[in-house]
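Down below is the structure, laid out as structure tokens.
Each chain gets a letter, A, B and so on, in the order the sequences are listed, and its residues count up from 1. All heavy atoms count here, side chains included; hydrogens, waters and symmetry mates do not.
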Amino acid sequence: MTKNFPKLNEQMDLIRKGVEEIIPEEELEKKIIKGIKNNKPLRVKLGADPSRPDLHIGHGVVLKKLRAFQDLGHTAVLIVGDFTAMIGDPSGKNKTRPALTFKETKENAKSYFEQAGIILNSKDLEIRNNSEWLSKMSFEDVIKLLSNSTIARLLERDDFSNRYKNGIPISVHELLYPFAQAYDSIAVKSDIELGGTDQKFNLLLARDIQREYNQIPQVIITMPILEGLDGVNKMSKSLDNYIGLTEKPNDMYGKILSIPDELIIRYFTLASDLSVNEIDKIKSDLENGKNPRDAKHELAFEITKNYYSIDDAKNAADAFHKLVIKKDIPDDIPEYKCSSENILLADIIFDAKMVSSKGEAKRLIKQGGVSINKKKITEFLNKINIQNGDIVKIGKRKFLKLVLSD
RNA sequence: GGGUCAGUGGCCGAGUGGUCAAUGGCAUCAGACUGUAAAUCUGACAGCAGUAGCUUACGGUGGUUCAAAUCCAUCCUGGCCCA
């Protein structure tokens, strides 16, 4: 199979977009030149962590970079850490992560691929489980592997040294994680490995180890960690500041609009497919007084479009204007069947699972957060008379359509 | 192995026998306001209950007491010091 690789400059331009570091850049150029000359795609490794089944656009940053390599004709090698999931990557963590069972790992891996598949091209994609080689290693093999580094080196890592200083436990097996990951690179003979900046240590260690095992060390490319909706912390599910890859277009659009203005360019760079030139244009427009709101709408549109379609993005934009700006009601609202016309409002919204307890329902009503047909209801003790088709609004974004059934 | 300290609500962290469903901060939710689902201000924030009542909660279990998050015993988890 012959491939037509783009020229070095073209490749480098695309690769450089948004990256934090390329270590070392000259080696990358050499590898690319060699690839073009020998007509051989580079093997670009990315470790998938099956302990986190829900991907968000923060994960998308690095997946997009991997996709960029695929678009350039290279081979994406996705490693499922089914074996290492038993350890749990300590990167960026301040506590030991619970080990997963094999079954959980499998299920998570499945949903990981469904979601990563949104971004990656299924061609030029090689998927490997690291249990394939790690489970076969003997204790002797492990000792050989571990003899390539020192405790001092491991403790240099921020994650570990912070935990150590602050008296937070570090289990010994966590120290082995970077070695397992490094060994993956040897097993798949990676030319390049991608990761977030929090992976830098692990990625670099693999270079040393590959050298010990007589392989040409991989080039490492780190991507910035995308901030979440709060604009401060990294995007993560546990902080609930994330935009899921599989979120509905409307939610995706709305959530993007809620990012702080300062993050607009960063999001364009890391999460959209716009070219560096296009992004520079937006940047200068903003500096010349363009309303950030408009730029943010463009951003929301772009990202939603990439994950769905132009039409979906348009619809999401319309829905946002309707729901949030004009405070209108959305088109599709869940229905709730009422058997009686006389009923407590609190019971309805609790039963329809719009709130997690009746106390919460009462609280919302008391605070004026619930309305029927745009009329606020603030008395939670009175029963209400319902008409078929009444629209109940709960809080800012939840709606319920009442349907009488007899 | 010995000693010692700690484990509190989504998180951080007060509280050392009754006045504790438990101060405060963060997060969250609602209302007002706004270009925004931002910022700010106000309020709420265990569950059940037609409203001062009940239930479940301060690592687990058992106990002392009229009464325990607070005391005792034991177990689990972890930190630190010594070996």
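Taking the side chain of A/Asp261 as heavy atoms from C-beta on, and the options B/G35, B/G31, B/C48, the nearest nucleotide is B/G35.
Between the side chain of A/Gln367 and the base of B/G43, at least one donor-acceptor pair of N or O atoms lies under 3.5 Å.
A gap of 28 Å separates the C1' atoms of B/G79 and B/G63, to the nearest Å. Rounded to the nearest Å, the gap between the P atom of B/A32 and that of B/A37 is 11 Å. A distance of about 6 Å separates the C1' atoms of B/A68 and B/G17, rounded to the whole Å. A gap of 15 Å separates the P atoms of B/G13 and B/C26, to the nearest Å. The C1' atoms of B/A52 and B/G9 are separated by 24 Å, rounded to the nearest whole Å.
The side chain of A/Lys396 places no N or O atom within less than 4.0 Å of a non-bridging phosphate oxygen (OP1 or OP2) of B/C33.
Geometric assessment of A/Lys255 against the ring of A/Tyr242 yields a positive cation-pi assignment under the 6.0 Å and 45° thresholds.
Interface residues of residues 357-365 of chain A facing RNA chain B, ordered by number: A/Ser357, A/Lys358, A/Gly359, A/Lys362, A/Arg363, A/Leu364; criterion, heavy-atom separation under 4.0 Å. For the contact set between residues 304-320 of chain A and RNA chain B, defined by any heavy atom under 4.0 Å, the members are A/Phe320.
Within the nucleic acid shown, A/Gly395 comes within 4.0 Å of sugar-phosphate atoms alone, with no base atom in reach, counting heavy atoms only. Counting any heavy atom pair closer than 4.0 Å across all strands shown, A/Asp294 reaches no nucleic acid atom.
Residues passing the side-chain hydrogen bond (donor to acceptor under 3.5 Å, both in side chains) test with A/Asp71, sequence neighbours excluded: A/Arg67.
The side-chain hydrogen bond (donor to acceptor under 3.5 Å, both in side chains) contacts involving residues 360-369 of chain A comprise A/Ser356-A/Glu360, where partners must be two or more places apart or lie in separate chains.
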How would RNA chain B look in dot-bracket form, 5' to 3', counting Watson-Crick and G-U wobble pairs with both distances under 3.5 Å and writing | for bases paired to another strand? ((((((((.[[[..)..(.....]]].(((((.......))))).(((....)))...[[[[[..)....]]]]]))))))).
When you check every protein heavy atom under 4.0 Å of nucleotides 78-83 of chain B, what one-letter string (B, S, -) results, 5' to 3'? SS----
